[in-house]
Amino acid sequence: MNKIIKWIPQLLAGARITILLTLCSVVAGLIISIFLALGTLSKNKIIRNFCKGYVFFFRGTPLLMQLYFVYYGLPQISRALTINNQFLAAFIAFGLNSSAYCCEIIRAAIQSIDKGQFEAGKVLGLNYFQTMRLVILPQSIRRLIPPVGNEFIMMLKDASLVSLIALADITKVTRSIQSSTASSMVYIPAMILYLIITAVFTFVFHVLEKKHSIYE
């Protein structure tokens, strides 16, 4: 028990990195995905195909390979593309990956809104982007929350991949403790910590969903 107590500060430091990376990546992914979703629905064939190709690439290739490419591959293309900061490299890879998945979530939510809402926007004199911003997207929020919550939890667990580029998240810290102490008992508090974090954010998304359900 004393050993476990000694490990807690290190594990909590790793948890801070895991949570921060997940939050930043999903928020960035959501921002990018709005434009991607609108692009996939665009009548412009070039824009539509580019956005669909982007989504296909990042959904169709492993996140680990994307992370390796950003951290190890980009410097081989050009030294100017070298990213020495592991957190920044992970943020870029995870953010781009998350945007592809969130794009499909947002696209589905937009298409689930009755087409009459678009017609109502036209009657009010709104252009396409104004209709999206003022009419369609606000109505889509409630439908977005559950799948975005699932994406967040998946990204939270996938964040363990950053240990492979030596970023000190929960998994990296756990492996370091296990190597230095030769005790596999450290995996118990590490898994409990993951469960606690997952439970907290699951509750947060449940509250948000319940709050926005009044607008349905």
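As a basis for the values below, the full set of heavy atoms in this structure was taken, side chains included, without hydrogen atoms, waters or symmetry mates.
- The environment of F35 atom CZ is sparse: at most 12 non-hydrogen atoms of other residues, nucleotides or ligands sit within 6.0 angstrom.
- Judged by distance alone, with hydrogens and angles left aside, the side-chain atoms of S98 form no donor-acceptor pair with the main-chain N or O of F94 at under 3.5 Å.
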* To do: Dump the intermediate steps for side chain to side chain contact (heavy atoms under 4.5 Å, CB included) on Y71 and L164, then the final yes or no.
  => CA-CA 11 Å; Y71 191 64; L164 298 175; over 6 Å; no
* Asked: Going through the distances and angles, do W7 and I188 end up as a side chain to side chain contact (heavy atoms under 4.5 Å, CB included)?
  -> CA-CA 11 Å; W7 296 333; I188 295 176; over 6 Å; no
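- Taking hydrophobic clusters as Ile, Leu, Val, Met, Phe, Trp and Tyr residues chained together by side-chain heavy-atom distances below 4.5 Å, F205 does not share a cluster with Y101.
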* To do: Would you check, one step at a time, whether the test side chain to side chain contact (heavy atoms under 4.5 Å, CB included) holds for L20 with F87?
  => CA-CA 10 Å; L20 183 60; F87 185 91; 3.9 Å; yes
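- Across every non-hydrogen atom of P9 and K6, the tightest pair is CD-O, 3.4 Å.
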What donor-acceptor contacts under 3.5 angstrom involve side-chain atoms of residues 102-111, with partners at least two apart or in another chain?
from	atom 1	to	atom 2	distance (Å)
E104	OE1	R107	NH2	3.1
E104	OE2	R107	NE	3.4
R107	NH1	Q111	OE1	2.7

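- For the pair Q86 and A166, the tightest heavy-atom approach, listed with the atom from each and the gap, is NE2-O, 3.9 Å.
- I47 is not connected to I32 by any chain of hydrophobic side-chain contacts under 4.5 Å among Ile, Leu, Val, Met, Phe, Trp and Tyr, and they are in different clusters.
- Residues L67 and I165 meet the side-chain proximity criterion, which asks for heavy atoms closer than 4.5 Å.
- Between F201 atom CZ and L23 atom CG the span is 4.5 Å, to the nearest 0.5 Å.
- The two residues G14 and V173 make their nearest non-hydrogen contact at CA-CG2, 4.1 Å.
- From Q76, atom CD reaches atom CG of L81 across 11.5 Å, with rounding to the nearest 0.5 Å.
- Both L11 and L21 belong to a single network of hydrophobic side chains, linked directly or stepwise wherever heavy atoms of I, L, V, M, F, W or Y lie under 4.5 Å apart.
- Judged by distance alone, with hydrogens and angles left aside, the side-chain atoms of Q66 form a donor-acceptor pair with the main-chain N or O of T61 at under 3.5 Å.
- In this structure, I170 CD1 and L193 CG are separated by 4.0 Å, a value rounded to the nearest 0.5 Å.
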* To do: Take I77 and F69 through the test side chain to side chain contact (heavy atoms under 4.5 Å, CB included) and record every step on the way to the result.
  => CA-CA 10 Å; I77 296 176; F69 179 76; 3.7 Å; yes
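- Atom CD1 of I46 sits in a sparse spot, with 12 or fewer heavy atoms from other residues, nucleotides or ligands closer than 6.0 Å.
- Atom CZ of F203 and atom CG of L208 lie 10.0 Å apart (nearest 0.5 Å).
- Linking Ile, Leu, Val, Met, Phe, Trp and Tyr whenever their side-chain heavy atoms come within less than 4.5 Å leaves L144 and I31 in two separate clusters.
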Return all side-chain donor-acceptor pairs below 3.5 angstrom for residues 153-163, not counting sequence neighbours, or 'none' if the list is empty.
from	atom 1	to	atom 2	distance (Å)
S160	OG	K157	O	2.9
S163	OG	S160	O	2.8
S163	OG	R175	NH1	3.4

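- One finds the CG atom of N97 at 4.5 Å from the CG atom of L63 (value rounded to the nearest 0.5 Å).
- Residue A89 comes nearest to V70 through the heavy atom pair O-CG1, 3.7 Å, listed as atom of the first residue, atom of the second, then distance.
- One hydrophobic cluster, built from ILVMFWY side chains closer than 4.5 Å, holds both L12 and V200.
- Two residues are said to be in side-chain contact when any heavy atoms from C-beta on lie closer than 4.5 Å; T171 and Y194 meet this criterion.
- F152 is not listed as a side-chain neighbour of L30, based on a closest heavy-atom distance of 4.5 Å or more.
- Interatomic distance, I34 CD1 to L36 CG, rounded to the nearest 0.5 Å: 10.0 Å.
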Residues 52-59 side chain polar contacts: donor-acceptor under 3.5 Å, at least two apart:
from	atom 1	to	atom 2	distance (Å)
Y54	OH	L96	O	3.3
Y54	OH	S99	OG	2.8

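- Between N85 and L88, the shortest heavy-atom contact is OD1-N, 2.9 Å.
- Residues R48 and S42 come closest through the heavy atom pair NH1-O, 2.9 Å.
- Looking at N49, its side chain does come within 3.5 Å of a backbone N or O of K45 through a donor-acceptor pair.
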